[in-house]
2 protein chains.
Amino acid sequence: MTRISPLAQATGSDADGGFAVDVRTVLLSVIDGGLKVAALPDADGWQLPRGVPLPSLPLDAAARMLLAETTGLQEDYLEQLYTLHVRDGDAWIILISYLAIIAAGTGSPGTEATWIDTRSVGFSEVDRMVLDYAIVRLQAKLGYTTIAFHLMPERFTLTELQDVYETVLAMALDKRNFRRRILAANMLEQLDETRRDGSHRPARLYRFRADHDPRAFLTPQWADGV
Amino acid sequence: MTRISPLAQATGSDADGGFAVDVRTVLLSVIDGGLKVAALPDADGWQLPRGVPLPSLPLDAAARMLLAETTGLQEDYLEQLYTLHVRDGDAWIILISYLAIIAAGTGSPGTEATWIDTRSVGFSEVDRMVLDYAIVRLQAKLGYTTIAFHLMPERFTLTELQDVYETVLAMALDKRNFRRRILAANMLEQLDETRRDGSHRPARLYRFRADHDPRAFLTPQWADGV
DNA sequence: CCAAAAGTGTTCTCGATACACCCATGT
DNA sequence: ACATGGGTGTATCGAGAACACTTTTGG
């Protein structure tokens with residue numbers, strides 16, 4: 001293996017010592033009509049759930065474990081975002097970021113963690129960039145994957161689904177066009193049940209079709225742990 | 001920072017020692033009508049250029065340096081692909097992969113490295129996966145970015161540009177539709193010159209417009225080294 | 001009968017595709 | 001004159017966007 005010269009020999013923290021590695025996960029959910037991120041309290045604000053991965057477990061397993069330990073939640077979807085190299089005090093760390101998604105109503109984050117609105121959360125500059133990138137990725141994937149599946153309960157109405165799309169995309173959508181596109185995409189299965197909700201016509205219930213792989217395109221087919 | 005428990009304390013190669021990190025770069029170019037990858041000889045075949053990054057330099061700088069050292073070439077475009085966690089003998093390494101692009105005719109790789117056709121190169125399983133993912137990314141980006149810019153010399157004909165698209169996409173394209181789309185995309189600037197090439201009508205020369213950012217979408221706006 | 005959300009169709013525009021012939025040059 | 005690659009236009013189709021009224025229920 002090539003040792004990148006000339007500086008590698010001169011530093012004390014290269015391959016001899018190894019690198020400091022930090023996994024951070026952006027856990028998103030749509031709650032109370034807002035896009036929320038799971039955050040932990042911090043000296044002056046909030047921070048993303050983070051941790052040092054185990055050397056012999058795949059990185060995505062580390063992302064899952066750290067979510068379990070900091071929030072007590074088990075995500076429904078996980079994908080790697082990007083790897084940064086950032087300054088941490090006077091050292092440098094390699095920061096591997098993940099996007100995780102959990103359906104609303106699956107439970108509240110544990111002791112320390114809280115759901116905070118993504119628009120107002122007080123993160124460090126790095127955490128803010130990672131969060132913004134996670135949101136952009138999620139928005140893009142709504143368009144060409146079934147990733148929205150992981151934001152919904154098992155059964156839902158088309159209006160509820162549209163509300164989630166509108167919250168994540170931060171824009172209003174036309175009801176008729178939305179329904180036509182969603183149904184044409186063949187992701188959904190219509191149920192026989194309806195839900196009575198208030199003093200108006202009941203809504204038909206749907207669920208996502210079982211035979212659908214919601215991972216696609218941006219994420220390589222092979223995952224970690226090869 | 002959360003130490004992911006319980007195993008982290010039990011192992012000897014966690015944050016105390018740090019992680020083994022390996023940067024690998026897929027350097028692609030279109031040469032002699034084929035999509036080629038820069039490869040280095042290996043015990044039983046070929047391998048991607050690789051190296052251990054410097055701890056205090058951004059990761060993309062490490063990818064650039066390792067290309068310079070192994071191939072002597074300076075890439076025209078670089079973007080991070082994905083971070084894997086792979087077994088290396090009995091240890092695990094964190095493998096950060098990059099996609100790099102260089103224009104044809106910029107020079108031949110140095111002493112050890114060679115351009116090998118991507119379809120037939122004898123890589124390890126991991127290098128093969130990284131290469132395949134790099135190609136998929138490049139193919140996708142041809143469609144919605146000006147990344148093709150980096151595969152072309154400064155001035156070129158529309159037929160040369162179409163040949164590069166066809167090589168990367170591994171499919172034939174309709175000449176009239178290709179020209180209409182490319183010109184409609186407003187990436188190109190028509191030059192006054194033409195090029196006489198053989199016993200046929202000379203071709204008009206084009207170049208890419210200066211005011212174009214070829215990075216977009218999949219790569220976050222912020223790079224490494226924050 | 002009224003309020004409130006559910007549900008439904010048509011028109012238009014634009015981008016993508018399929019497809020075949022004339023043009024300028026060198027030999 | 002002919003061989004060779006350069007260059008052009010039109011018809012069709014499908015996806016996406018704009019847009020308003022009827023239906024069903026509870027109170």
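Each chain gets a letter, A, B and so on, in the order the sequences are listed, and its residues count up from 1.
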Rounded to the nearest angstrom, tell me the gap between atom [atom1] in [X] and atom [atom2] in [N].
X	N	atom1	atom2	result
A/Phe178	D/dA15	CZ	C1'	17 Å
A/Gln162	C/dA6	CD	C1'	11 Å
B/Leu173	C/dA16	CG	C1'	12 Å
B/Glu193	C/dA24	CD	P	20 Å
A/Gln190	C/dA6	CD	C1'	13 Å
B/Asp174	D/dG7	CG	P	15 Å
B/Arg179	D/dG6	CZ	C1'	6 Å
A/Arg201	D/dG27	CZ	P	18 Å

Margin query: When you measure only distances, ignoring hydrogens and angles, does the side chain of A/Arg180 come within 3.5 Å of the base of C/dT10 through a donor and an acceptor?
Written below: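 Flag set: donor-acceptor pair detected.
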Next item on the list: Please evaluate the base of C/dA5 for a donor-acceptor partner in the side chain of A/Asp197 within a cut-off of under 3.5 Å?
Entry: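 When only heavy-atom distances are counted, A/Asp197 does not reach the base of C/dA5 through any donor-acceptor pair under 3.5 Å.
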Of all the choices, [options], which nucleotide is nearest to the side chain of [X] once you look at every atom?
X	options	result
B/Arg196	D/dT25, D/dA17, C/dT25	C/dT25
A/Arg176	C/dG9, C/dA6, C/dT25	C/dG9
B/His200	C/dA5, C/dA16, D/dT4	D/dT4
B/Arg204	C/dG9, D/dG7, D/dT25	D/dG7
A/Ser199	C/dG26, D/dG26, D/dA18	D/dG26
B/Lys175	C/dA24, D/dG9, D/dG7	D/dG7

Next item on the list: Please step through side-chain contact (heavy atoms from CB on, under 4.5 Å) for the pair A/Asp22 and A/Ile96, ending with a clear verdict.
Entry: CA-CA 6 Å; A/Asp22 181 12; A/Ile96 304 170; over 6 Å; no
Item checked: Residues B/Glu189, B/Arg209; criterion salt bridge (Lys or Arg N to Asp or Glu O under 4.0 Å); working and verdict -> CA-CA 6 Å; B/Glu189 189 177 339; B/Arg209 292 181 44 178; 5.9 Å; no
Margin query: Tell me if the aromatic rings of A/Phe156 and A/Tyr206 count as close, with their centers under 6.0 Å from one another.
Written below: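 Judged by ring-centre distance (under 6.0 Å), A/Phe156 and A/Tyr206 do not meet the cut-off.
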Margin query: Using salt bridge (Lys or Arg N to Asp or Glu O under 4.0 Å), reason through B/Glu79 and B/Lys141 one step at a time and then give a plain yes or no.
Written below: CA-CA 12 Å; B/Glu79 100 178 32; B/Lys141 286 209 162 183; 2.7 Å; yes
Next item on the list: Report the C-alpha separation of A/Leu161 and A/Leu188 in whole Å, then their side-chain angles, then the decisive distance to 0.1 Å, and conclude whether the side-chain contact (heavy atoms from CB on, under 4.5 Å) test is met.
Entry: CA-CA 11 Å; A/Leu161 183 61; A/Leu188 298 187; 4.1 Å; yes
Note to self: What contact category does A/Thr157 fall into here, base, sugar-phosphate, or nothing, at under 4.0 angstrom with non-hydrogen atoms?
What the structure shows: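 The answer is nothing, as A/Thr157 stays clear of every strand by at least 4.0 Å.
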Check: So, is A/Arg181 close to the D/dA17 phosphate, meaning a side-chain N or O under 4.0 Å from OP1 or OP2?
Finding: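 True: A/Arg181 side-chain N/O within range (under 4.0 Å) of D/dA17 OP1/OP2.
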Next item on the list: Could you say whether B/Tyr206 or A/Gly198 is positioned toward the 5' end of DNA chain D, judged by the nucleotide with the nearest heavy atom to each?
Entry: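 It is B/Tyr206, whose closest nucleotide lies nearer the 5' terminus.
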